[in-house]
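These notes are about the structure you will find just below.
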Amino acid sequence: MKKINCYLSLIALLCVFVSCRKDFAQVDTLSYTLAVRYPSLYPQVFAAGATVTVKNTFTGEISKLTTNTEGEVNLQDIVPGVYTVMVNREITEEESQAITGRVGKAFLNASIASLRIQESGKTEIQLSGGAIGGFVIKEFYYTGSRTPNNATYLYDGFVEIYNNSTDTLFAGGISFGATKAGSTIATKFIEDQQNVYLASLWTIPGTAGVDHPVAPGKSIVIAVDGINHKTDPKGNPNAPTDLGAGIADFETYFNPPGNSNDTDSPDVPNVTLIYSSSLTVFDWLPGVNGSGLVILSPDDYADYETVTEPGATASTRYVKVSTDKVIDGVDCVANSTITLDKKRLPNTIDSGVAFVGGGVGTAKSVIRKVREEINGVKVLMDTNNSSSDFTINDSPSPKSYSK
């Protein structure tokens, strides 16, 4: 009798469980429209042919759609929830005049970090971006490596700036800088989409438009320390990079007043330190979990305003720079779990994020993908969306794609 009662109880429990599962599965779906628009100065309004990627932040389900002639995608039978939205539109040279009013290829993009859909409706998304070409960030190595004793070695990092145009460009006078380091905590700065806020800022010496010519398909490399890290006695035999003379064009010699901790390599010229939010560190360290890296058009940034982060208790100050000054940028975060609301750079600079993952000492970099090769010159991806443009490089490769 006890066995029969147990069986009956088990059957009853299963019935309740199935009933609950059935109720749980009954979720009302709805329809929702995303309307994609060209930048306000473009002759055309409706962005037909744009690629829209929608991701449910809870389930991870991804849908990829293309806008119709009205610039819209209709999400049918969508489950209520929170979604991230990324939009890309490549404008070919043949269609550019009619769409943009200018001649030449262009990449446009936009993103929404958190779109809450609870009822049927419509959201308009305006694209931003511009023409292909100019200087771009080809590679950013910031994670550091491990010594034979498993100690952290952070001095083998570098930034590589690549000429992605068809003309010779000049690096003299351009600047580069990094935001506060990547984090799982959002920054209040991201609410201001018109400016970037930099924890460090450097300038390449020379006269703008005159010094340091860079041919199409060539690059300049700025090393944290300009030595061959594999062989130098002060280096790390496990480091992935040779950043000595002939590879590194410049190094970031960190020498603010009262700080002489850094070592100046005699073989590699220095970039000029314009600003650092900390004067007590012993080298330029952009953050092992990434940061927002930008390159800037020539200007006297020493005179720019510095501000504290809104709502922060710390007194750390950052240089405020208008996005109009930004030539290119890449927003690097710790890993794939970091959501878009934790970005450091405005969407007009980078609508996505790039990452290495694995934390400090991975000896990996983020590197821009090759879009095509024309007459032996690599044309790099540049959609202003690092989620699409960059990939992880297991062997950081300054001045090369061969490693």
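- Using modelled atom types and a 3.5 Å distance limit, the side chains of D167 and S165 yield no donor-acceptor pair.
- Residue pairs meeting the side-chain hydrogen bond (donor to acceptor under 3.5 Å, both in side chains) criterion with at least one member in residues 173-184, sequence neighbours excluded: S175-T203, K180-E309.
- Legend: residues meeting salt bridge (Lys or Arg N to Asp or Glu O under 4.0 Å) with D249, ordered by chain and number and at least two apart, are K399.
- More than 12 heavy atoms of other residues, nucleotides or ligands shown are found within 6.0 angstrom of CD on E373.
- Among residues two or more places apart in sequence or in another chain, the salt bridge (Lys or Arg N to Asp or Glu O under 4.0 Å) test is passed with K320 by none.
- In this structure, K369 places its NZ atom where more than 12 heavy-atom neighbours from other residues, nucleotides or ligands lie under 6.0 Å away.
- Shortest non-hydrogen contact noted between V87 and A50 is CG1-CB, 4.0 Å.
- A 6.0 Å sphere centred on CD of Q193 holds more than 12 heavy atoms belonging to other residues, nucleotides or ligands.
- Every residue two or more places apart in sequence or in another chain that forms a ring-ring contact (aromatic ring centres under 6.0 Å, His included) with Y301 is listed here: Y304.
- Screening T241, D156, N238 for a side chain to side chain donor-acceptor pair (under 3.5 Å) with S145, the sole residue that qualifies is D156.
- The salt bridge (Lys or Arg N to Asp or Glu O under 4.0 Å) test applied to E70 returns no partner, not counting sequence neighbours.
- The two residues W284 and S200 have their closest heavy-atom pair at NE1-OG, 2.9 Å.
- Heavy atoms of other residues, nucleotides or ligands lying less than 6.0 angstrom from CD of E119 number 12 at most.
- Each of N335, V330, L340 was checked for a side-chain contact (heavy atoms from CB on, under 4.5 Å) with V353, and the lone residue meeting it is L340.
- The stretch residues 216-238 participates, sequence neighbours left out, in these ring pair (Phe, Tyr, Trp, His ring centres under 6.0 Å) pairs: Y153-H229.
- Scanning for side-chain hydrogen bond (donor to acceptor under 3.5 Å, both in side chains) contacts around T252 gives an empty result, with sequence neighbours left out.
- In this structure Y197 satisfies the ring-ring contact (aromatic ring centres under 6.0 Å, His included) test together with F189, sequence neighbours excluded.
- T383 is linked by a side-chain hydrogen bond (donor to acceptor under 3.5 Å, both in side chains) to D389, counting only residues two or more places apart in sequence or in another chain.
- Residues satisfying the ring-ring contact (aromatic ring centres under 6.0 Å, His included) test with F250, not counting sequence neighbours, are H212.
- Remark: the E72 side chain and the T33 side chain contain no N/O donor-acceptor pair separated by less than 3.5 Å.
- When only modelled atom types and interatomic distance are considered, S128 and T348 share no side-chain donor-acceptor pair under 3.5 Å.
- In this structure E94 satisfies the salt bridge (Lys or Arg N to Asp or Glu O under 4.0 Å) test with no other residue, sequence neighbours excluded.
- Taking F254 as the reference, nothing meets the ring-ring contact (aromatic ring centres under 6.0 Å, His included) condition, with sequence neighbours excluded.
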